[in-house]
Amino acid sequence: MTAPWLGVIADDVTGACDVAGGIAETGVRTSIVLGVPEGADDPAGGPDECIVVGLKIRTVPAAEAVGAARAAAAWLRGRGTGQIYQKYCSTFDSTDSGNIGPIADALAESIGGMTLGTPATPAVRRTQYFGHLFVGDRLLSESPMRDHPLTPMRDSDLVAVLGRQTAGAVALLPLTVVRSAPGSIADGIRARLAAGARHLLVDAIEDSDLDRVAEALEQVRTPLVLGGGAGLAVALARRAARGPAAGAAGEVPHGGRLILSGSGSARTREQVAAFPGRVMTLDPLRIAEEGVSSLLQALREALAAAPGESPLVSATAEPDRVREVQATLGVQRAAELVESALGEIAVAAVRELGVRRIVVAGGETSGATVAALGMRRLSVGAIAAPGVPWTTGSASAVPGAPTVALLLKSGNFGSPDLFTTAWETAP
Ligand code: ADP
């Protein structure tokens with residue numbers, strides 16, 4: 001087994017799919033391992049050039065997130081991985097207690113070095129300018145992320161945001177430096193590290209900015225944990241790429257289709273509103289009272305009546321409604337109820353209803369779904385939308401461990417008609 005050149009630790013599974021899809025598209029062979037890997041956990045077989053470990057640590061207590069990230073990094077290093085990359089969301093999803101800062105601290109400490117990263121991912125219109133994160137043409141704090149159910153982002157100044165999550169000094173590599181020659185960028189990085197920066201955030205508004213940083217990093221000899229959104233990781237892959245796009249997911253047997261949505265993001269709300277097919281609404285208050293049996297019955301009837309269709313089971317609701325539910329049940333309990341209900345529905349759909357292709361909307365929701373299905377590894381296949389590749393893997397929690405295709409979509413990704421168009425690229 002060849003040592004992987006890049007080992008990515010992603011804080012949620014849609015983030016893992018996002019970065020793995022982008023890297024695989026450059027021609028770098030890539031596979032995803034879900035959960036903290038164990039000694040014998042060999043990804044998909046063969047010499048992987050990039051291994052992406054998909055965790056679910058974006059919103060768990062910081063100590064738990066740090067423990068999982070450390071264990072994943074140790075496993076990657078044990079396999080001789082050259083470069084560790086801390087993947088977080090391109091909208092910097094986090095709270096003042098973590099988890100981006102604490103994980104960055106732990107990973108930096110584990111190599112006796114510093115971190116350098118940026119959430120900027122121009123392909124999905126996330127850009128960073130003088131330390132401020134933009135989502136399209138809006139500051140992060142004025143984007144729909146300000147109302148995220150778990151990680152509301154109300155400050156766009158990432159140097160300040162990250163500064164509140166870590167005791168280490170946070171510095172900025174501004175666009176004025178990023179737009180200079182690679183040698184000057186490398187000097188700028190070294191100067192800031194020498195001045196005591198423990199975490200360096202890098203401005204970028206176009207892919208060419210990330211490409212210049214990737215090139216400059218080859219001249220910086222200090223050990224660094226790299227990190228950020230998919231943008232910088234894919235730029236590193238573009239420099240390392242050797243061949244045409246890989247992207248061959250395994251064969252998936254014929255079977256039914258299903259869409260599950262537990263995302264509260266604005267884009268998912270548009271996708272749910274635009275979906276022309278059958279929608280079954282998951283009401284967390286009702287689930288708290290009576291579980292999923294009536295929803296499952298409705299799904300069973302829908303799939304029996306129209307086997308070729310792709311019904312949608314959706315907890316997605318407007319922010320006001322989510323707040324009401326959270327006020328009644330508590331934020332965590334509401335999230336757990338929705339996540340475990342959708343996981344249960346996924347398992348029942350695969351086990352009893354012959355479903356083999358599932359679109360899942362929501363980062364946390366995707367993590368819960370793959371965990372419920374018992375999926376440990378995913379092969380990366382065709383890209384349905386930027387940052388959203390189809391993946392395949394075996395659902396070990398279902399008798400016979402059938403192969404299932406999953407499209408795991410982060411809340412804000414995909415065009416409004418994704419729930420319809422995604423099937424065109426399904427394996
Ligand atoms: P996104 O990728 O859009 O952020 P996530 O799945 O990561 O989506 O996060 C959304 C969170 O909100 C999940 O934990 C989910 O369980 C929770 N949630 C979804 N719908 C509701 C609802 N109607 N009421 C309360 N919480 C909800």
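We count ligands from 1, going down the list as the structure has it; atoms in each ligand are counted the same way.
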Give the atom numbers and elements of ligand 1 that come within less than 4.0 Å of a heavy atom of R58.
4 (O), 7 (O)
Provide, to 0.1 Å, the distance between atom 7 (O) of ligand 1 and the closest protein heavy atom, together with that atom's residue and name.
E364 N, 2.7 Å
Minimum side-chain heavy-atom gap F92-L162 below 4.5 Å:
yes
Do we see a donor-acceptor contact under 3.5 Å between the side chains of K409 and T268?
yes
Closest candidate by heavy atom, reference atom 10 (C) of ligand 1, pool S261, G362, G262
G262
Which atoms from ligand 1 have a heavy atom of P149 less than 4.0 Å away?
12 (O)
Can you label the angle between the W390 ring and the W423 ring as parallel, tilted or perpendicular, going by 30° and 60°?
tilted
Has R267 got any heavy atom lying under 4.0 angstrom from an atom of ligand 1?
no
Atoms in ligand 1 with a heavy atom of G264 nearer than 4.0 Å
3 (O)
Run the numbers for me: atoms of ligand 1, each under 4.0 Å from some heavy atom of S265, listed by number.
1 (P), 3 (O), 4 (O)
Lys/Arg N to Asp/Glu carboxylate O, R70 vs E109, below 4.0 Å:
yes
Can K87 and D11 be counted as an ion pair, charged N to O under 4.0 angstrom?
no
For atom 14 (O) of ligand 1, find the nearest protein heavy atom and state the residue, atom name and distance (0.1 Å precision).
E339 OE2, 2.6 Å
Enumerated ligand 1 atoms positioned under 4.0 Å from heavy atoms of A315:
20 (N), 21 (C), 22 (C), 23 (N)
Salt-bridge test for R58 and E364: reply yes if a basic N is under 4.0 Å from a carboxylate O, no otherwise.
yes
H148 heavy atoms, cut-off 4.0 Å: which ligand 1 atoms fall inside?
1 (P), 4 (O)
Which is closest to atom 24 (N) of ligand 1 in terms of heavy atoms, V325, L282, L150, T365?
V325
For atom 27 (C) of ligand 1, what is the closest protein heavy atom, and at what distance to 0.1 Å?
V338 CG2, 4.0 Å
Judged by heavy atoms only, the candidate from G363, P144, G330 nearest atom 2 (O) of ligand 1 is G363
For atom 16 (O) of ligand 1, which protein heavy atom lies nearest, and how many Å away is it?
A335 O, 3.2 Å
Going by distance alone, is a donor N or O of one side chain under 3.5 Å from an acceptor N or O of the other, for S90 and R126?
yes
Could a heavy atom of T268 be found less than 4.0 Å from some atom of ligand 1?
no
If we number the atoms of ligand 1 from 1 as shown, the ones under 4.0 Å from a heavy atom of G411 are 1 (P), 2 (O), 3 (O)
Between the side chains of E142 and R154, is the shortest nitrogen-to-carboxylate-oxygen separation below 4.0 Å, so that they form an ion pair?
no
Is the shortest side-chain N to carboxylate O distance from D209 to R179 below 4.0 Å?
yes
Answer yes when E318 and R321 have at least one side-chain N-carboxylate O distance shorter than 4.0 Å, and no when they do not.
no
Going by the closest heavy atom to atom 22 (C) of ligand 1, which one wins out of P284, A341, A368?
P284
Are R212 and E215 within salt-bridge range, i.e. N to O under 4.0 Å?
no
